[in-house]
Number of protein chains: 2
Amino acid sequence: MAKNHSKNNSKEHTRDRIINSAKRLFAEQGYQKTTIVDISRQAGLSEAALYDYFQGKEDLLQMIPDLWVSELLRDLEEQLFGIKGAVNKMRKYLWWYMRRVEQSPLDAKIVYLFLKTNANFLNTEVYSNVKKLYSHLVDIFEEGRKSGEMKPDLDPLVARDIFVGTMDHIISRWLLKDMSYSLFDNLESIFELMVDAFKANNSQ
Amino acid sequence: MAKNHSKNNSKEHTRDRIINSAKRLFAEQGYQKTTIVDISRQAGLSEAALYDYFQGKEDLLQMIPDLWVSELLRDLEEQLFGIKGAVNKMRKYLWWYMRRVEQSPLDAKIVYLFLKTNANFLNTEVYSNVKKLYSHLVDIFEEGRKSGEMKPDLDPLVARDIFVGTMDHIISRWLLKDMSYSLFDNLESIFELMVDAFKANNSQ
DNA sequence: AGTATTTTCCTAATAACATTAAGGTTTTTT
DNA sequence: AAAAAACCTTAATGTTATTAGGAAAATACT
């Protein structure tokens with residue numbers, strides 16, 4: 001029993017060690033320049049042993065965003081729960097996501113810089129989860145439109161493009177610049193401008 | 001004389017043939033999955049001959065965006081010349097860029113999907129030209145602010161982030177979805193929303 | 001023209017790397 | 001304690017980027 005427990009732990013531990021080594025190395029040196037030897041050394045194994053845990057280098061790369069994004073998805077609904085009003089939800093979404101990125105810069109770096117290179121990204125688990133993350137945004141804009149908080153003719157998909165595009169752009173630059181400043185700089189004024197774009201024009 | 005001319009032509013021709021082969025293959029199969037043999041076969045040479053024209057695979061990848069982006073930069077000033085008003089310039093910028101992307105989808109694909117992977121992207125020629133492309137946008141927003149066409153407290157850098165982020169997002173998705181629809185779908189309503197975000201609120 | 005030089009290209013190394021083969025050692029189960 | 005399973009290792013194997021070394025063709029020079 002106790003042995004079984006400790007064994008399972010150690011197995012999980014090894015797997016995690018490999019993932020964390022890969023994460024650090026991919027984020028530091030990029031996917032191409034990181035070798036399987038690098039990763040397995042860092043994790044304290046031989047190269048061959050790594051193949052008992054993962055199918056290969058691509059598989060290992062995929063695993064990192066897989067874990068991160070599905071955890072984000074789990075957290076998101078929790079975070080939006082109980083918040084009233086589309087603008088308030090939109091605000092929470094933005095601040096929440098930026099904080100999550102700031103908390104997991106290595107995961108974010110891999111998602112933003114190395115994932116899209118994968119030819120069949122559209123067929124991955126990650127993409128389907130990212131779409132779910134986005135769909136919450138679409139719901140928020142739809143709610144805003146219906147409640148009269150936002151423009152009556154607001155296209156929720158267009159609003160999402162502006163929102164996500166802006167977020168992603170800010171994050172990409174932050175990652176490229178090696179996270180040398182805070183992601184929250186200017187966030188308030190960015191948010192205000194986007195609200196101006198979406199909100200109902202009461203004065204007309 | 002005649003020989004010299006034809007020789008220079010053929011030299012340029014070979015170089016171009018290599019670049020175009022690489023462009024097609026990188027865009028089709030991705031950078032990693034494209035081999036030097038693939039490229040040189042396609043261009044009608046041996047692998048080794050390719051190294052007389054380019055330093056290596058990375059160098060070849062870099063070359064493609066280099067050429068495209070610097071040509072874009074040359075064209076941009078021409079295109080904005082004579083257009084009056086910040087909103088009109090902003091509109092022209094958006095439509096111009098989208099058309100250029102639609103006209104050179106292979107270049108765009110390489111820029112958008114494979115370039116940021118490069119660890120020292122920030123130190124490349126391309127990045128410095130991209131920054132110049134962006135700086136025209138900042139100028140436009142600054143002009144709009146000063147002329148009263150846009151909000152008096154509009155931060156031009158923030159406006160640029162929204163504008164570029166939105167554009168890039170739409171383009172990335174279009175590229176990932178294999179250019180299966182028109183980039184100009186919804187462009188009008190996207191533009192209108194962005195204008196609402198930036199423009200002076202006359203009714204207040 | 002005829003020789004020297006440069007350009008362009010090729011066939012073979014070379015070396016780095018991902019992935020597999022084959023099997024040993026330790027742990028768990030019975 | 002024997003059998004099975006889990007975990008790990010060293011030594012291939014095969015692919016691929018890059019170099020070496022030099023042939024063939026074009027160009028320049030006399």
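Side chains are part of it too, since the values below use all heavy atoms of this structure and drop only hydrogens, waters and symmetry mates.
- A:K57 forms a cation-pi arrangement with A:Y31, by the criterion of a distance under 6.0 Å to the ring centre and an angle within 45° of the ring axis.
- Taking the nucleotide of DNA chain C with the nearest heavy atom to each of A:A48 and A:V37, the more 5' of the two is matched to A:V37.
- The separation between B:I36 atom CD1 and C:dA16 atom P is 18 Å, rounded to whole Å.
- Residue B:Y51 places none of its side-chain N or O atoms closer than 4.0 Å to OP1 or OP2 of C:dC9.
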Q) side chain to side chain contact (heavy atoms under 4.5 Å, CB included) between B:Q79 and B:K92: does it pass, once the steps are laid out? A) CA-CA 8 Å; B:Q79 294 281 337; B:K92 179 64 185 175; 3.2 Å; yes
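- With distances taken from any side-chain atom of B:T14 to the nucleotides D:dT9, D:dA20, C:dC9, the minimum falls on C:dC9.
- For the pair A:R91 and A:W95, the cation-pi criterion (under 6.0 Å, within 45° of the ring axis) is fulfilled.
- Residue B:T35 is in sugar-phosphate contact alone, with no base atom involved, counting any heavy-atom pair closer than 4.0 Å across all strands shown.
- Between the CD atom of B:Q55 and the P atom of D:dT18 there is a distance of 10 Å, rounded to whole Å.
- Straight-line distance from the CG atom of B:L45 to the C1' atom of C:dT11: 14 Å, rounded to whole Å.
- Whole-Å rounding puts the A:R15 CZ to D:dC7 P distance at 12 Å.
- As rounded to whole Å, 9 Å separates atom P of D:dT10 from atom CD of A:E47.
- Using a 4.0 Å heavy-atom criterion, one finds that A:S40 contacts no nucleic acid atom at all.
- Following rounding to the nearest Å, B:F54 (CZ) and D:dT19 (C1') show an atom-to-atom distance of 18 Å.
- Out of D:dA20, C:dT8, D:dT18, the shortest distance to the side chain of B:K57 is found at D:dT18.
- Looking at heavy atoms from C-beta onward, B:F198 lies out of side-chain contact with B:R145 at the 4.5 angstrom threshold.
- Atom CG in A:D38 sits roughly 12 Å away from atom C1' in C:dA16 (whole-Å rounding).
- Atom CG in A:D59 sits roughly 15 Å away from atom P in C:dA18 (whole-Å rounding).
- For the pair A:R100 and A:E71, the salt-bridge criterion is met [side-chain N within less than 4.0 Å of a carboxylate O].
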